[in-house]
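Just so we're clear, the structure is a prediction, and the values are computed from it rather than from any experiment.
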Amino acid sequence: MRESLTQILRDEQNWTGDFVIMPEPATLAEKPLEAKDAAVDTLENVRESMQECTLCRLSATRKNIVFGEGNHDARIMFIGEGPGAVEDDTGRPFVGPAGQLLTDIIVKGMGLRREDVYIANIVKCRPPGNRNPLPDEVENCIGYLKRQISLIKPEVIITLGAVSTHNLLGITTPISRLRGNFTNYMGITVMPTFHPSYLLQNPSKKRETWEDIKKVMEMLGLNQPSRS
């Protein structure tokens, strides 16, 4: 794979380590996808089924449900924790400052378009003050995400940050130990990495995130874009 320095990682160096395959958490076998019959379920059905959702307290303060967007047959799916203020205003995932950094990773780093991947969150409504979603809020919302995953069938899920990773995989290991290591969710390869909002506050961690992304690209046979 040709080396390329992206705008977001000017000083990135070659990663030469080995892949580490993490064991699948035992709890995953106990968490089947909460989906309708796949023969009749569609992403539009999922979207429609949650338009008037009032299953948790977040419904009382949201402006818009942020369902997710992208290629319905995407090879790569990014999953964050929940919408922020800009996302709540627009109804679109990752369009604020953290979203711009994620877009840079996808476009400048991976050589893809946003519409080539699928982007979603653990919860679909904004937690007040951008706090982490509470356990009961996740429990009431994550079924929608599981249906999205089962319909898109991505080859790789990239979880962004601890909240996304912990709630999808059912584990509590610190993200600093999880990131960079492939694991598994319902037969789908998962790469945990840092959340873009964390990278905005800790720019030195961008290099580690880029190493994680390069592992995914190598696994999928994607070439880094040529430097312009």
Side-chain angles (χ1 to χ4, degrees), residues 6 8 33-36 38 41-51 53 62 64-126 133 141-161 163-165 167-169 185-197 199 209-210 212-217 219-225:
T6 68
I8 59 172
L33 291 174
E34 298 172 11
K36 299 177 185 177
D41 204 12
T42 66
L43 286 173
E44 189 56 36
N45 287 343
V46 182
R47 183 190 292 271
E48 290 178 359
S49 70
M50 66 180 302
Q51 286 306 309
C53 179
R62 73 174 179 238
N64 288 291
I65 287 172
V66 182
F67 180 71
E69 66 180 24
N71 188 339
H72 292 190
D73 296 310
R75 301 179 70 192
I76 302 171
M77 185 172 184
F78 290 88
I79 299 177
E81 57 189 64
V86 179
E87 290 77 13
D88 188 35
D89 285 337
T90 62
R92 298 182 59 208
F94 281 93
V95 291
Q100 182 55 59
L101 180 53
L102 178 61
T103 300
D104 285 346
I105 291 171
I106 295 168
V107 176
K108 298 178 182 178
M110 305 179 79
L112 303 173
R113 303 169 301 169
R114 265 185 67 116
E115 53 265 37
D116 292 328
V117 303
Y118 197 91
I119 304 172
N121 284 300
I122 292 290
V123 296
K124 309 302 187 186
C125 300
R126 182 194 180 196
C141 198
I142 200 168
Y144 295 122
L145 175 65
K146 291 180 178 180
R147 286 170 64 188
Q148 287 175 299
I149 294 171
S150 70
L151 289 163
I152 296 167
K153 297 180 176 64
E155 294 177 48
V156 179
I157 293 172
I158 300 175
T159 52
L160 302 170
V163 172
S164 171
T165 304
N167 282 290
L168 184 69
L169 300 180
Y185 173 77
M186 293 293 178
I188 299 171
T189 299
V190 177
M191 171 58 78
T193 194
F194 294 122
H195 194 283
S197 62
L199 299 180
T209 299
W210 179 232
D212 303 341
I213 297 298
K214 287 200 297 183
K215 292 181 185 180
V216 171
M217 293 175 66
M219 174 191 166
L220 296 176
L222 300 175
N223 292 323
Q224 295 178 34

Measure the [atom1]-[atom2] distance between [X] and [Y] for me, rounded to the nearest 0.5 Å.
{"X": "L101", "Y": "L160", "atom1": "CG", "atom2": "CG", "value": "10.0 Å"}
{"X": "M217", "Y": "D212", "atom1": "CE", "atom2": "CG", "value": "13.0 Å"}
{"X": "N64", "Y": "E87", "atom1": "CG", "atom2": "CD", "value": "11.5 Å"}
{"X": "L168", "Y": "K146", "atom1": "CG", "atom2": "NZ", "value": "8.0 Å"}
{"X": "I106", "Y": "R114", "atom1": "CD1", "atom2": "CZ", "value": "6.0 Å"}
{"X": "Y118", "Y": "Q148", "atom1": "OH", "atom2": "CD", "value": "4.5 Å"}

- Message: Can a donor-acceptor pair be found, under 3.5 Å and without considering hydrogens, that links the side chain of K153 to the backbone of S150?
- Response: yes
- Under the side chain to side chain contact (heavy atoms under 4.5 Å, CB included) rule, what do R147 and S49 come out as? Steps first, then yes or no, please. CA-CA 11 Å; R147 286 170 64 188; S49 70; 3.4 Å; yes
- Going by an N to O cut-off under 4.0 Å, is there a salt bridge joining R92 and E69? yes
For [X] against [Y], the heavy-atom pair lying closest together:
{"X": "A120", "Y": "F67", "value": "CB-O, 4.3 Å"}
{"X": "A98", "Y": "H195", "value": "CB-CE1, 4.4 Å"}
{"X": "I119", "Y": "V117", "value": "CG1-CG2, 4.1 Å"}
{"X": "M50", "Y": "I65", "value": "O-CD1, 2.7 Å"}
{"X": "R113", "Y": "V107", "value": "CA-CG2, 4.4 Å"}
{"X": "P93", "Y": "G68", "value": "CG-CA, 4.0 Å"}

Test item: [X] and [Y] side chains (from C-beta on) under 4.5 Å apart, heavy atoms:
{"X": "R62", "Y": "P83", "answer": "no"}
{"X": "C125", "Y": "V66", "answer": "no"}
{"X": "N167", "Y": "V123", "answer": "no"}
{"X": "I213", "Y": "I158", "answer": "yes"}
{"X": "I149", "Y": "Y185", "answer": "yes"}

Pairs under 3.5 angstrom only: tabulate donor-acceptor contacts from the side chains of residues 71-80 to other protein residues two or more places apart or in another chain.
residue, atom, partner, partner atom, Å
N71, OD1, D73, N, 2.7
R75, NE, E155, OE2, 2.7
R75, NH2, E155, OE1, 3.3
R75, NH2, L220, O, 3.2

- Item | Residues that V86 engages under side-chain contact (heavy atoms from CB on, under 4.5 Å), provided they are two or more places apart | T90, V95
